[in-house]
Amino acid sequence: MCGVAGALAADPRPSVPTIAARLTAALAHRGPDGEWFWSEQPSPDRRIARRDVPERASVVLGHRRLSIVDLATGDQPMGNEDGSVWVTFNGEIYNHLDLRRELTAAGHRFATQADTEVLVHGWEAWGPGLFGRLNGIYAFALVDRRAAAASGGRAGLWLVRDPAGVKPLYLGHSDGVWWFCSELAAARATGLLGRDLRRGAFAEYLVYRFVPSPGTFYANAWKVPPGHSCHLPFTAATQDPRFAPFTPVFRPTAVPRGRAQWAEAIREGLAGAVHRQLMSDVPLGTLLSGGVDSTVVTRLMREANGGGDRPQAFAVGLADDPESVELDEARAAAAALDVPLDEVIVPEREFLAAWPASIQALGEPIANAGVLLVGLLCRRIKGSRKVVLSGQGADEPLGGYPRHFAERAWRLARAAGPLLGALPSGIAASDRVDRMRRIARASDQAARFAEILAVFGPQEAASLTAGAQSPDELVAPVRRLLDGETTGDTLNALLRVDGRLSLADDLLIVADHMSMASSVELRVPFLDLEFLALLEAMPSRYKVSRFGERKWLYRQAVTPLLPPALRSRLVGWRARTGRKLGFTTPLRRWFGPWLRTEAEAFLLGPGARTPAFLAGDGVRAIVTAARDEGKPRDRQLLALYVLETWLRGAL
């Protein structure tokens, strides 16, 4: 796991090496084990140190290394034998040994044991067909220097992001130079992002709590969407980039039939995913929340090591939160699994003081309250482990969130429209009643899914941003992901959309940035592409039942992997229908005093930035409804707090 950066222009110029060097330096926390560059001038056949970067260049690749696989010879950027293809790579390719054998049989010669090298030889053999063959977490930039005829028209710079979106990759255009990097905050620190923000991004953010790929808050910067590539020819045209999807080749060898076969396939598939993701030349650890997913991953890590080598587990919790049970659950799981546990106990005051800086570190606002807990945990891990496995990524493909049941219930909600309209908004602990009203009124499947996922409904978001985008335009990110959907299983369609939106551009970006801030690689076995293909082929009736049970067949399947003392709590009825365990924060208790004393001044007062972009009367109405009328607007207040905090650092 590393940091990648670089720059490209149509002709050699001083700004290209300068931008590449500054971006790479800003990513030092992602790769403390080495810094190298490649440029087509003056030595296109080798890596070069920063001191050797030319004064002028048309293309430069940069790399900050966190050495995990092939510690001796795995430095990057890495090229092929004749120096015509070069790559700078962030991530892991779990099936690299299989690809290496196939490429070796075809006559390619390998000089290292690093998984990176399959990218350059795989590109020579398959071109863009390489992307779908990779089972891993990856974001990389590849330069093909061959002439147009020799390269099959593939010459230029290619940017690629893995299908699950585990690894982020940003690109932008400034003063005639294309640039790319692992973190948008690095581009901001380098001065590549101006103060002019894209107006439409505010409405997108209000709906989804983040800006969906390929957009960002900046008109000159984009996120490479999950499972897409972007080709920039050496002519470096300045029009907006085009992103092309690619399809992973992984499919279940045989589709199971019936509950028993699916349960067995889940157990075997997850065990295989964990085994593949133990690929490392350094010791590994595990993030243990005490929930079913992290507990099962930790158990499988022990089994893969023959039961003798116990993985080091890490857990985090708030010191003075009476509602927090995560540390107690993690302790119980560690004891039952017989693994050592390192605990991080965070005082609430320390958390709140550090929260604004973590919002800025993400580069653009993401309304995720648990962002800092992962970061504080990884600060403890730093120095003792470079790699940890986690249970993240299970809920989206398996239907683990309460919002997923909304797709099961929407027909009932639609039929009960008058009754639903008569219910008071505050009858539920969150804004679920209001959301179900909007879901029941949605005009089509895409609009319904958007309402299920939304913080602010598209209509309200459009109103707050003075029509910067229409409600239909705000549904477009969902509509794009539904193109070609033909299975007729609407819940599975929702889960795929949720994974490519909420998971990829929210939770995974947060996890990547917060872990890599401490030079820690976070792996996600539930998003192993072979295993994910199996889960996405599983009928949704095995994921969310008509009675509201979430991940129910999965829980049955992994029950034999759980110590008996944990089974009732992790796979029983309450676990299938109640609150999920994880690194959570008690927003309602924190926001209560803030709402009564500071919220209106913070969001609308003299120093506030929000009124320049959102309708002040609309923001005031939200604060008033929550403060004076007791309406459940916690998620909306969180989104506004994060946005205002980010704007104060960005402008």
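Note that these values count all heavy atoms, side chains included, but never hydrogens, waters or copies made by symmetry. The model shown is predicted, which means the values in this text are computed figures rather than measured ones.
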State which residues pass salt bridge (Lys or Arg N to Asp or Glu O under 4.0 Å) with [X]; sequence neighbours excluded, sorted by chain then number.
X: R403; result: D498
X: R22; result: none
X: E35; result: R50, R64
X: R596; result: none

Applying side-chain contact (heavy atoms from CB on, under 4.5 Å), can you list everything that pairs with [X], at least two apart in sequence or on another chain?
X: P168; value: Y170, I509, D512, H513
X: A639; value: Y205, A367, V455, F456
X: L651; value: R195, L197, R609, F613, L647

For R47, which residues count as a side chain to side chain donor-acceptor pair (under 3.5 Å) partner, sequence neighbours excluded?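 If we apply the side chain to side chain donor-acceptor pair (under 3.5 Å) test to R47, skipping adjacent residues, there are no hits.
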SB check R65 D70 (cutoff 4.0 Å):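 Answer for the salt bridge query: no.
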For residues 640-651, which residue pairs qualify under salt bridge (Lys or Arg N to Asp or Glu O under 4.0 Å), counting only residues two or more places apart or in two chains?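 Sorted result for residues 640-651: E644-R648.
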Among pairs that include at least one residue of residues 363-375, which meet salt bridge (Lys or Arg N to Asp or Glu O under 4.0 Å), considering only residues two or more places apart or in two chains?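 Sorted result for residues 363-375: K223-E364.
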Can you confirm whether the side chains of S182 and K167 place a donor and an acceptor under 3.5 Å from each other?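 The answer is no; no qualifying pair exists.
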Does one side chain, of S174 or W179, offer a donor that lies under 3.5 Å from an acceptor on the other?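 The answer is yes; a qualifying pair exists.
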Could you pull out all donor-acceptor pairs under 3.5 Å where a side-chain atom in residues 369-380 meets a protein atom, sequence neighbours excluded?
unit_1 : atom_1 : unit_2 : atom_2 : d
R380   : NH1    : D342   : OD1    : 2.7
R380   : NH1    : E343   : O      : 2.8

Considering only residues two or more places apart or on different chains, which pairs with a residue in residues 632-651 satisfy ring pair (Phe, Tyr, Trp, His ring centres under 6.0 Å)?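 Ring pair (Phe, Tyr, Trp, His ring centres under 6.0 Å) check on residues 632-651 returns F217-W646, W355-Y641, W594-Y641, F602-Y641.
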